[in-house]
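These numbers were taken from a predicted model, which means no experiment stands behind them. To find a chain, count down the sequence lines: A is the first, B the second, and so on, and within it residues start at 1.
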Protein chains: 2
Amino acid sequence: MGRQETLELLWGLRAAPKRGPKAAFGVADVAAAAVEIADSDGVGAVSMEQVAARLGYTKMSLYRYVDSKAALLAVMIELAIGEPPDLSRVRGGWRGQARRWCELMWQTWDRHPWVPHATVGERPVGPNEVGWSVAALTTFTDIGLSRGDTVDAVALLSGHLRNTYAVTAAGSQPWTDQVRPDEELRDVMARTGVSYPSLDQVVAGRPLSADRRSFGLERILDGIELHLQREGVGASV
Amino acid sequence: MGRQETLELLWGLRAAPKRGPKAAFGVADVAAAAVEIADSDGVGAVSMEQVAARLGYTKMSLYRYVDSKAALLAVMIELAIGEPPDLSRVRGGWRGQARRWCELMWQTWDRHPWVPHATVGERPVGPNEVGWSVAALTTFTDIGLSRGDTVDAVALLSGHLRNTYAVTAAGSQPWTDQVRPDEELRDVMARTGVSYPSLDQVVAGRPLSADRRSFGLERILDGIELHLQREGVGASV
DNA sequence: AGTTTGTGTGTCCTACGGATACTGTATCCG
DNA sequence: CGGATACAGTATCCGTAGGACACACAAACT
């Protein structure tokens with residue numbers, strides 16, 4: 001029910017029962033079923049009833065394995081993101097590793113588009129998620145950053161990545177229904193007579209390039225590199 | 001019910017009724033009551049019933065003014081963030097203006113800590129929110145960025161700000177209950193025998209400084225400035 | 001006047017997360 | 001070997017949610 005129990009579940013610290021009937025299924029099955037639902041119908045479609053129905057059992061049987069909906073979400077995330085990558089052999093220095101980390105995370109999200117949304121905020125994290133964070137952390141270790149700045153660099157990078165995903169991977173957005181939301185907004189703004197020069201300037205002309213992924217990332221990496229140079233320590237490669 | 005109606009509500013395009021009884025209250029009252037609830041008990045405590053109870057009316061009467069819960073959320077956000085600032089007289093060039101924009105946004109969020117969480121994802125936006133975006137957009141206009149990069153810079157900045165808020169403003173987090181979550185995690189990891197060098201390295205020693213706001217922001221601004229210099233256009237001040 | 005249009009209420013429905021009590025089953029201990 | 005024990009899956013019930021619908025009443029226009 002609490003964070004404690006969920007954490008123990010995530011980290012495999014639950015003692016296996018010795019007596020009683022054999023379990024017909026387990027946490028892994030629950031998580032798998034839930035992830036399938038989330039992948040196809042969105043995370044909003046994941047309910048205890050739906051998951052149980054997919055497994056062929058009743059809703060309440062799930063509570064034998066996942067103490068709560070929050071715990072279910074947690075094991076879903078663990079299953080979805082999977083084992084963290086090993087970046088130690090990636091070439092291109094810390095910049096190359098950071099880029100690779102983003103690529104891999106992105107690919108994972110492409111398979112499970114609900115994950116970036118589900119991983120906001122404070123919550124119990126499992127070994128896979130910690131592993132991913134550590135992979136990023138290792139990338140920024142021993143390049144000349146202070147301890148605090150290292151943590152901040154990881155937060156900066158991963159946060160940016162999550163922000164960009166929802167916007168850029170617009171294909172997974174549910175507004176396939178004829179009207180684009182920015183068009184609607186433009187129409188309404190025109191009707192109210194509101195106009196902003198800087199906005200018009202941006203909107204005018206040819207539509208913007210679809211590849212809007214690299215700018216933010218490269219700016220962040222540039223900023224970190226510049227910081228290293230100013231601190232007088234960093235070896236860029 | 002749809003985005004269209006919500007947009008018209010937000011932008012004041014609803015025609016005022018000519019006949020019928022006088023309305024005992026209005027959208028403004030609904031939004032105000034809802035914001036009060038969210039401020040004190042969190043956005044999760046905002047339900048139609050609760051808002052109606054605070055106003056002294058029944059739940060269903062609210063639907064006369066806000067087509068849905070999503071629309072209620074939208075007007076709440078508009079009320080909470082308020083009128084956008086005018087940064088044109090802020091000194092320090094675009095960097096100073098960007099910093100100021102972040103400060104002001106941060107202050108707003110301190111008054112309404114649920115806002116950063118509520119403003120993720122695609123949704124109908126009102127004039128205040130557009131105004132805030134435009135203020136940031138104007139800051140990055142005519143400093144040497146391409147149209148696309150200008151938009152990306154705003155997204156980078158505002159996204160980073162929202163990411164940092166939830167982490168840094170931990171005072172508003174609901175884990176006042178004796179145990180700190182990172183302690184719990186450390187304990188569980190110790191019990192499983194898992195250990196990561198780069199993680200240990202960061203955790204070891206004195207606790208990190210509480211001021212973790214500036215690093216990411218300054219790295220982003222540095223990255224943008226470096227980009228301007230490389231493009232050969234930017235006037236830094 | 002009466003019609004039209006709008007306001008706030010009461011009732012009902014569906015879906016959700018979850019508590020509790022129960023029946024049945026596998027294992028351990030005497 | 002047989003009862004006690006611990007566990008598995010089910011059935012029932014509850015509170016809270018968002019929201020549809022139909023009503024009784026009130027103000028304005030004709």
Side-chain angles (χ1 to χ4, degrees), chain A residues 1-6 8-9 14-31 33-34 37-38 41-76 114 118 123-124, chain B residues 1-3 5-6 8-9 13-31 33-34 37-38 41-76 114 118 123-124:
Chain A
M1 213 177 195
R3 281 183 284 275
Q4 186 78 32
E5 290 86 342
T6 305
E8 289 173 354
L9 173 65
R14 286 264 165 105
K18 276 306 181 182
R19 303 194 210 184
K22 289 202 315 177
F25 59 104
V27 209
D29 306 282
V30 177
I37 293 174
D41 301 345
V43 73
V46 175
S47 72
M48 297 291 168
E49 299 220 0
Q50 292 301 313
V51 176
R54 175 169 282 248
L55 288 173
Y57 296 94
T58 60
K59 174 182 73 166
M60 291 313 293
S61 67
L62 303 189
Y63 286 95
R64 204 59 78 168
Y65 305 100
V66 290
D67 305 299
S68 65
K69 178 75 180 292
L72 172 61
L73 225 274
V75 296
M76 286 175 63
W114 47 273
R123 74 218 135 70
Chain B
M1 212 175 197
R3 283 183 284 275
E5 290 86 340
T6 305
E8 290 172 352
L9 173 64
L13 290 177
R14 287 264 165 105
K18 277 306 182 183
R19 304 197 208 180
K22 288 202 316 177
F25 59 104
V27 209
D29 306 282
V30 177
I37 294 175
D41 301 344
V43 72
V46 174
S47 73
M48 296 292 168
E49 300 218 359
Q50 291 303 314
V51 176
R54 175 168 282 247
L55 288 174
Y57 296 94
T58 61
K59 173 184 72 165
M60 291 312 294
S61 67
L62 302 190
Y63 285 94
R64 203 60 78 167
Y65 304 99
V66 290
D67 306 299
S68 66
K69 178 77 180 289
L72 171 61
L73 225 278
V75 296
M76 286 174 64
W114 49 272
R123 75 217 134 68

Please table the atom pairs, donor to acceptor, closer than 3.5 Å between any side-chain atom in residues 59-66 of chain B and protein atoms at least two apart or in another chain.
residue : atom : partner : partner atom : Å
B:S61   : OG   : B:T58   : O            : 2.6
B:Y65   : OH   : B:F25   : O            : 3.3

Practice problem: Determine the minimum heavy-atom distance between B:Q50 and B:A45, stating which atoms define it. | Solution: CG-O, 3.6 Å
Exercise. May I ask you to test the B:L73-B:V43 pair for a side-chain heavy-atom distance under 4.5 Å?
Key: yes
Practice problem: Would you mind reading off the distance between B:F25 atom CZ and C:dG6 atom P, rounded to a whole angstrom? | Solution: 16 Å
Exercise. Answer yes or no: does a side-chain N or O of A:Y63 lie under 4.0 Å from OP1 or OP2 of C:dG18?
Key: yes
Quiz item: Quick one: B:L62 CG to C:dG10 P, roughly how many Å, whole number?
Solution: 14 Å
Quiz prompt | Atom-to-atom span, CD1 of B:I37 to P of D:dT16 - whole angstrom | solution = 15 Å
Quiz prompt | Separation of atom CG in B:D67 from atom P in D:dG18, rounded to whole Å | solution = 15 Å
Quiz item: At their closest point, which heavy atom of A:P124 faces which heavy atom of A:R3, and how far apart are they?
Solution: CD-CG, 4.2 Å
Exercise. Nearest whole angstrom, please: distance from the P of D:dA8 to the CZ of A:R14.
Key: 11 Å
Quiz item: Think A:S47 has a side-chain N or O under 4.0 angstrom from the OP1 or OP2 of C:dC16?
Solution: yes
Quiz prompt | Protein-nucleotide distance (A:M48, atom CE; D:dG9, atom C1'), rounded to Å | solution = 16 Å
N/O-N/O pairs, protein side and nucleotides 21-30 of chain C side, under 3.5 Å:
none

Quiz item: Given the rule in the side chain to side chain contact (heavy atoms under 4.5 Å, CB included) test, do A:V27 and A:L9 qualify, once you have shown the distances and angles that lead to the verdict?
Solution: CA-CA 9 Å; A:V27 209; A:L9 173 65; 4.0 Å; yes
Quiz prompt | Closest nucleotide among C:dG18, D:dG19, C:dG8 to the B:K69 side chain | solution = D:dG19
Quiz item: Considering Watson-Crick and G-U wobble pairs with both distances under 3.5 Å, what does C:dG2 pair with?
Solution: D:dC29
Exercise. For B:M60, report the nucleic acid contact type (base, sugar-phosphate, nothing); a contact means any heavy atom under 4.0 Å.
Key: base
Practice problem: Select one nucleotide: of C:dT11, C:dG8, C:dG18, the one nearest the side-chain heavy atoms of B:A23. | Solution: C:dG8
Practice problem: Grab the CD-P distance between B:E49 and D:dA17 for me, whole Å please. | Solution: 6 Å
Quiz item: Is the distance from OP1 or OP2 of C:dT9 to the nearest side-chain N or O of B:T58 less than 4.0 Å?
Solution: yes
Quiz item: Among the nucleotides C:dG10, C:dG18, D:dG18, which one has an atom lying closest to any side-chain atom of B:K59?
Solution: D:dG18
Quiz prompt | Shortest non-hydrogen contact between A:V46 and A:L72, atoms and distance | solution = CG1-CD2, 4.1 Å
Quiz item: If you find the nucleotide of DNA chain D closest to B:Q50 and the one closest to A:S61, which residue's nucleotide is nearer the 5' end?
Solution: A:S61
Exercise. For B:E8 and B:E5, indicate whether the former's side chain and the latter's backbone hold a donor-acceptor pair under 3.5 Å.
Key: no
